[in-house]
Q: 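Have a look at the structure that comes next, please.
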Amino acid sequence: GTTLSVGAFETAMLPRCRGVFRGAVRESLPHLRAWVVCGNESGSGSGHAVAIAGGHRSMSADVGSGKNSSSRKGRSRAEKTPSPETEHMKMRSLVPEIDNGLSGAGMMHSDGASNGVARRGDASSKKHGDSWSGDLFYTRVVPALRYFYEAHSHLNVHKLYVVPGDEDVPCEIRGFALGKRVDNIRARGDFVKSNANKLAALLSLGGLHDSQRFVWKSKKWVFTHQIMPALRYFKQKHGHLIVPRDYVTPGGENALLKHQRLFALGSVSHDMRNKQKGFYLDQRPDRVAALDDLGFPWETVSLEKWELRDLPVIKWFKRNYGHLAVPTTFVCPDGKDAEESGLPRIAAGALFGLRCVQIRKRRAAGLLDQVVERKLEQLGFPTNLHTAFLERVVLPSVSHYIAKHGHLKWDTRRQAGLYQIPNGNDAPEIPSFAKGLRLGEVLFGAVRPSGSDHFAGSIGLWDGRGCGTVENRLERFRALEKTARFALEKFADENEDAKHDWESGIAETLDAVRARCES
């Protein structure tokens, strides 16, 4: 149906069809006939027209002349022109909020309108209790840009930036949408496109450095004056460009400009490597070439990190401690200790124990690169810490004790827990990382590791958390039993007159170990 305005407050829904419309008017709404139906009421069907009030289409009431009132050709140009009030209402949303009595291009005159814009009343001509006058560019944009520069030391204003309403901010610019104005200046040349004086005033803002001038292209400014300087600083400081994802440039670094401090370089570097995002590098091969010249790594999860950090630390750990069963809690030296130790700067303070856990898991799952796998095998990097601890620490210690004493027993558990493998040169066949081991703790109780560089794998060797299945534990026990028999035979060959007995000297201890494995 069609809504008809009837007077000031009444409406009626009528069909769109003209024939039905006229019939409805005659039969249902006889009191509207004089207003709706114009011309001859004789019912001849010729010369009747319908006027739709309040719509966009206006029909001529001159139906007696035989003109077709529904024809668009019959409309006058004056009927298409909107009223001044409508035009003012449309323009009001496009004009910045300015106050009374402003003169000049685009400003309102005292007669109430200028450029088709109605003059605002005195009630809206105040801002924070003070009236202001003048050009919007000079009275708000320029002061707001000066405030932004003083606060941030650059003029790369985000398009959503709004001047805060704090008390220390000049009242004329509080709450001013500076970002929107700057975005329009960049995109459309607002204020400065045809005004050389305003353009010169805009370009004079900021500091002496190029990075402190007005920014026309935001992404270019970020790449040139934040990303590249921050990457150069990181490389000079750490010797590489494998930036951690959570890295932020230090806030008190004098080598960086103010707008380069506290910059989220790690997050930005990660985004630049993501080809789907294409941040700062999309359609910009020149920027990609600049990063390549700087040595920026595009694939940090591959061999880059392995060659720069993991492999040197593995060699360093083995050279210093004699094994590669790195404890989970091991952390590489940091600061001056890292420089003195000979570690690469990228490894300073690294949680290398946790990194070794990751390497062992990936190696067990067959996910390591073949180059990395071969290198780990050459260096003797253990995949299973329990097996490595048994073979390289426990078995040599048991063999040494039996070959020296002819048995593997102690009078009390306390006495067993206090015994330590000698640290001196008395046992050259025992590796250095096994010396000082409390052998009784390994067999009867829980081993208490000492130091962050101890040989990992002692916890859960026979029972407890992470010890594996019963079959795995019994397999380790059988290796222990085999070593004990071989050591006893060696003791018997070297000491023919000495007393040695498997049942009374060794079997009792091994039975206790078996019970732990089967529990």
Side-chain angles (χ1 to χ4, degrees), residues 321-325 380 382 384-451 453-464 467-519:
Y321 302 109
H323 64 90
L324 287 177
N384 188 291
L385 290 180
H386 287 144
T387 302
F389 183 77
L390 177 72
E391 294 176 352
R392 302 198 61 189
V393 178
V394 177
L395 299 185
S397 300
V398 169
S399 178
H400 165 78
Y401 188 88
I402 295 177
K404 184 176 182 179
H405 301 282
H407 63 84
L408 191 61
K409 68 176 182 177
W410 294 269
D411 296 336
T412 62
R413 292 289 178 90
R414 177 177 175 81
Q415 184 181 4
L418 293 176
Y419 175 79
Q420 287 182 293
I421 300 297
N423 286 313
N425 297 324
D426 297 338
E429 70 277 9
I430 299 180
S432 59
F433 48 82
K435 294 180 179 181
L437 176 72
R438 294 182 182 274
L439 186 57
E441 289 184 351
V442 175
L443 300 175
F444 300 110
V447 180
R448 296 186 296 271
S450 59
D453 56 346
H454 67 275
F455 200 106
S458 60
I459 300 177
L461 184 62
W462 314 115
D463 56 5
C467 60
T469 63
V470 175
E471 182 58 32
N472 297 141
R473 287 175 277 174
L474 289 176
E475 184 177 355
R476 292 193 284 269
F477 169 78
R478 286 191 286 270
L480 175 64
E481 185 181 26
K482 182 178 179 181
T483 301
R485 290 186 180 278
F486 178 80
L488 186 62
E489 292 176 0
K490 181 179 179 181
F491 176 81
D493 293 340
E494 296 177 354
N495 303 275
E496 298 181 356
D497 299 333
K499 182 180 179 181
H500 58 279
D501 181 30
W502 173 268
E503 295 297 332
S504 61
I506 296 177
E508 183 179 352
T509 300
L510 294 185
D511 289 343
V513 175
R514 177 190 285 274
R516 294 182 62 185
C517 294
E518 294 177 345
S519 60

Q: With rounding to the nearest 0.5 Å, note down the distance linking CG in Asp493 to CG in Leu488.
A: 9.5 Å
Q: Distance-only, no hydrogens or angles: does the Arg392 side chain make a donor-acceptor pair with backbone N or O of Ala434 under 3.5 Å?
A: no
Q: Could you state the interatomic distance from CD (Glu475) to CG (Leu480), rounded to the nearest 0.5 Å?
A: 13.0 Å
Q: Report the residue from Leu437, Val393, Val398 that forms a side chain to side chain contact (heavy atoms under 4.5 Å, CB included) with Val442.
A: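 Output: one option passes, namely Leu437.
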Q: Look up atom CZ in Phe477 and atom CD in Glu518, then write down how far apart they are to the nearest 0.5 Å.
A: 8.0 Å
Q: Testing the basics here: between Val470 and Cys517, what is the closest heavy-atom pair and its distance to 0.1 Å?
A: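 Here Val470 and Cys517 meet closest at CG1-O, 4.0 Å.
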Q: How many angstroms lie between NE2 in His386 and CZ in Arg476, if you round to the nearest 0.5 Å?
A: 6.0 Å
Q: Return the minimal non-hydrogen interatomic distance between Ser399 and Thr483, and the atom names on each side.
A: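 Scanning both residues, the minimum pair turns out to be CB-CG2, 4.1 Å.
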Q: Looking only at heavy atoms, which two atoms of Phe389 and Ala456 are closest? And how far apart?
A: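 Closest approach of Phe389 to Ala456: CB-O, 3.8 Å.
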Q: Grab the two heavy atoms, one from His323 and one from Ala325, that are nearest each other, plus how far apart they are.
A: ND1-N, 3.1 Å
Q: May I ask you to decide if the ring planes of Tyr419 and Trp410 are parallel, tilted or perpendicular, using 30° and 60° as cut-offs?
A: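 It falls in the tilted class, 30° to 60°.
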Q: Are Arg485 and Glu489 ion-paired here, with the side-chain N under 4.0 Å from a carboxylate O?
A: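 Salt bridge between Arg485 and Glu489, a charged N being under 4.0 Å from a carboxylate O: no.
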Q: Could you check whether any side-chain heavy atom of Trp462 comes within less than 4.5 Å of a side-chain heavy atom of Leu390, counting everything from C-beta outward?
A: yes
Q: Do side-chain atoms of Asn472 reach the backbone of Thr469 as a donor and acceptor pair under 3.5 angstrom?
A: yes
Q: Please report the interatomic distance CD1(Ile421) to CZ(Arg438), rounded to the nearest 0.5 Å.
A: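 Output value for this atom pair is 11.5 Å.
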Q: Flag yes if more than 12 heavy atoms outside Glu508 fall under 6.0 Å of its CD atom; otherwise flag no.
A: no
Q: Start with the C-alpha gap between Leu408 and Leu439, add the side-chain angles, then the distance that decides, and say whether side-chain contact (heavy atoms from CB on, under 4.5 Å) holds.
A: CA-CA 10 Å; Leu408 191 61; Leu439 186 57; 4.2 Å; yes
Q: Under the salt bridge (charged side-chain N to carboxylate O under 4.0 Å, His left out) rule, what do Glu471 and Arg478 come out as? Steps first, then yes or no, please.
A: CA-CA 10 Å; Glu471 182 58 32; Arg478 286 191 286 270; 2.8 Å; yes
Q: Would you name the heavy atoms of Ala479 and Leu395 that are closest together and state the gap between them?
A: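 That closest heavy-atom pairing would be O-CD2, 4.0 Å.
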Q: Roughly how far, to the nearest 0.5 Å, is CZ of Arg473 from CZ of Arg516?
A: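 If we round to the nearest 0.5 Å, Arg516:CZ and Arg473:CZ are 10.5 Å apart.
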Q: Look at the aromatic rings of Tyr401 and His407 and report parallel, tilted or perpendicular, splitting at 30° and 60°.
A: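 If you compare the ring of Tyr401 with that of His407, the planes turn out perpendicular.
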Q: Do you know the tightest heavy-atom contact between Asp463 and Ser519?
A: CB-OG, 4.2 Å
